[in-house]
Number of protein chains: 2
Amino acid sequence: MKSKKTQHAGSTANALLGLLTLGDMSGYDMRSLIDRSIGHFWTESYGQIYPSLKWLSSEGFVEKKTERKKGRPDRNVFTLTPAGRKRLKQWLAVPPVVPEIPRSELLLKLFFGLHVPQKVSRSHLASFLQFHEDALTRYTELEAKLQREETGDPQLPYWLMTLSFGRHRSEASVNWAKQSMVRLDDLEKNQGPRKRVVGRKK
Amino acid sequence: MKSKKTQHAGSTANALLGLLTLGDMSGYDMRSLIDRSIGHFWTESYGQIYPSLKWLSSEGFVEKKTERKKGRPDRNVFTLTPAGRKRLKQWLAVPPVVPEIPRSELLLKLFFGLHVPQKVSRSHLASFLQFHEDALTRYTELEAKLQREETGDPQLPYWLMTLSFGRHRSEASVNWAKQSMVRLDDLEKNQGPRKRVVGRKK
DNA sequence: GGGTGCATGTAATGGGTTACATGATTCT
DNA sequence: AGAATCATGTAACCCATTACATGCACCC
């Protein structure tokens with residue numbers, strides 16, 4: 001009999017509750033804060049945020065106040081209610097889903113790499129490598145910024161841990177990509193000569 | 001004007017085409033083969049497979065033959081057509097989407113870890129660690145099996161590369177998790193004493 | 001004049017999992 | 001006797017991105 005309405009009760013809503021522990025903010029603020037803080041392991045689009053906020057509000061987990069300023073669009077600023085804080089804590093304690101094994105189109109394409117010239121696989125790997133090398137410099141910058149601006153914040157150690165994960169992941173990715181590119185080169189060398197064996201003496 | 005019908009044209013369909021290069025098989029076969037080969041970076045459910053096969057068939061990328069055996073359900077065995085092979089090759093050459101940064105509920109919960117007792121974060125990390133340690137032994141077994149059963153297969157190097165990715169990822173995960181658990185312990189030590197400072201002299 | 005930032009929201013569309021429905025055979 | 005394997009398929013549901021719609025202010 002209980003009305004379920006589980007529509008927006010997933011982790012998006014809980015992520016938003018988490019953000020509100022850092023201060024009152026609007027949906028717009030959330031989006032940009034996400035990009036600047038947890039963007040390396042979590043994303044949200046407006047299409048998720050606004051409906052979720054509406055739902056959280058209707059359930060009493062957040063409270064909405066509308067700020068009006070001339071020359072600016074209205075701002076709907078949200079505040080965590082005690083019920084919302086409780087819900088967040090409960091959710092934080094629930095063990096996250098174990099697998100967390102995401103699909104990788106790159107790996108799938110590499111797996112079937114024989115059906116395509118080596119240089120194709122090579123260039124896929126090169127893009128991947130580039131991405132993670134860039135990520136590493138972003139992580140370094142972000143860490144410096146956090147150490148500078150959030151000194152003494154008791155949350156800092158937790159934030160650094162998630163950053164550290166990104167670093168570990170990107171370092172592993174870089175190492176793997178480099179190694180794999182070398183292997184691809186070896187494959188080419190061990191296959192090329194067979195064709196060259198006959199002629200090519202000069 | 002062109003009828004699009006892009007319903008099942010995504011990477012699932014292409015993954016299935018790839019599998020069919022390894023031999024004719026049914027939807028059921030695909031599911032189990034995926035689990036045993038590319039399961040560490042790709043999953044498919046029947047709810048995806050069967051409709052996709054229907055679509056691939058209607059577009060002429062695969063051909064269906066029904067096998068009947070007494071006492072067994074009918075088997076719909078699919079074969080790659082030349083058009084399907086061409087489509088696969090084209091898709092393989094398209095650079096995979098760059099980001100590939102998936103959401104992680106674990107990291108999100110860790111990020112907000114201060115709102116919850118340390119031991120909660122610790123136990124989340126412990127499960128994660130366990131998962132990746134198990135994964136490492138699975139990878140070792142899988143590699144041995146591949147080396148044994150697929151010796152000389154020209155696809156082997158590509159398969160080993162994807163396996164190696166899994167290994168790199170899990171090793172990085174293990175290292176990170178261990179390090180993070182130590183950091184959590186340090187936090188506890190540096191916070192505990194403050195409360196103990198006053199009394200507790202015995 | 002054009003881009004960017006501020007600000008909210010909906011609709012269309014695409015992917016994906018899980019549960020359901022069915023049912024015989026073989027292994028434990 | 002009950003679980004696992006073989007085998008196919010649909011429907012309900014959930015989650016997520018992108019495009020669309022709107023519009024002012026500020027900077028270059």
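Per chain, numbering begins at 1; letters A, B, ... match sequence-line order.
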Phosphate oxygens OP1/OP2 of [N]: is one of them under 4.0 Å from a side-chain N or O of [X]?
X: Y28(A); N: dT8(C); result: no
X: R103(A); N: dG16(C); result: yes
X: Y46(B); N: dG9(D); result: no
X: S45(A); N: dT18(D); result: no
X: S26(A); N: dT8(C); result: yes

Identify which nucleotide among [options] has an atom closest to any side-chain atom of [X], counting heavy atoms from C-beta outward.
X: T12(B); options: dT10(C), dA7(D), dG16(C); answer: dG16(C)
X: P73(B); options: dG9(D), dC6(C), dG23(C); answer: dG23(C)
X: K54(B); options: dT18(C), dT10(D), dG9(C); answer: dT10(D)

What is the separation between atom [atom1] on [X] and atom [atom2] on [N], rounded to the nearest whole Å?
X: Y50(B); N: dA11(D); atom1: OH; atom2: C1'; result: 16 Å
X: I34(B); N: dT17(C); atom1: CD1; atom2: P; result: 10 Å
X: Q48(B); N: dG9(D); atom1: CD; atom2: P; result: 15 Å
X: E67(B); N: dC6(D); atom1: CD; atom2: P; result: 15 Å
X: H8(A); N: dT17(D); atom1: NE2; atom2: P; result: 14 Å
X: N14(B); N: dG15(C); atom1: CG; atom2: C1'; result: 14 Å
X: E44(A); N: dG9(C); atom1: CD; atom2: P; result: 16 Å
X: I101(A); N: dG16(C); atom1: CD1; atom2: C1'; result: 17 Å

query: What is the nucleic acid contact for R68(B), judged by heavy atoms within less than 4.0 Å: base, sugar-phosphate only, or nothing?
result: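 Answer is nothing: R68(B) stays at 4.0 Å or more from every strand.
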query: Do V94(B) and K109(A) have side chains that get closer than 4.5 Å, going by heavy atoms?
result: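 They are in side-chain contact.
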- prompt: Is the shortest side-chain N to carboxylate O distance from R183(A) to E188(A) below 4.0 Å?
  reply: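 Here R183(A) does not pair with E188(A) in a salt bridge, since their nearest N and O are not under 4.0 Å apart.
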field: Electrostatic pair R167(B):E171(B) at N-O distance under 4.0 angstrom
entry: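 So R167(B) does not pair with E171(B) through a salt bridge.
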- prompt: More 5' along DNA chain C: W42(B) or K64(A), using each one's nearest nucleotide?
  reply: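 Result: K64(A).
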Distance (rounded to the nearest 0.5 Å) between R169(A) CZ and H40(A) NE2: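 Here the interatomic distance stands at 7.5 Å.
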query: Which residue, R68(B), K65(B), K64(B), forms the salt bridge (Lys or Arg N to Asp or Glu O under 4.0 Å) with D74(B)?
result: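 Only one option passes, and that is R68(B).
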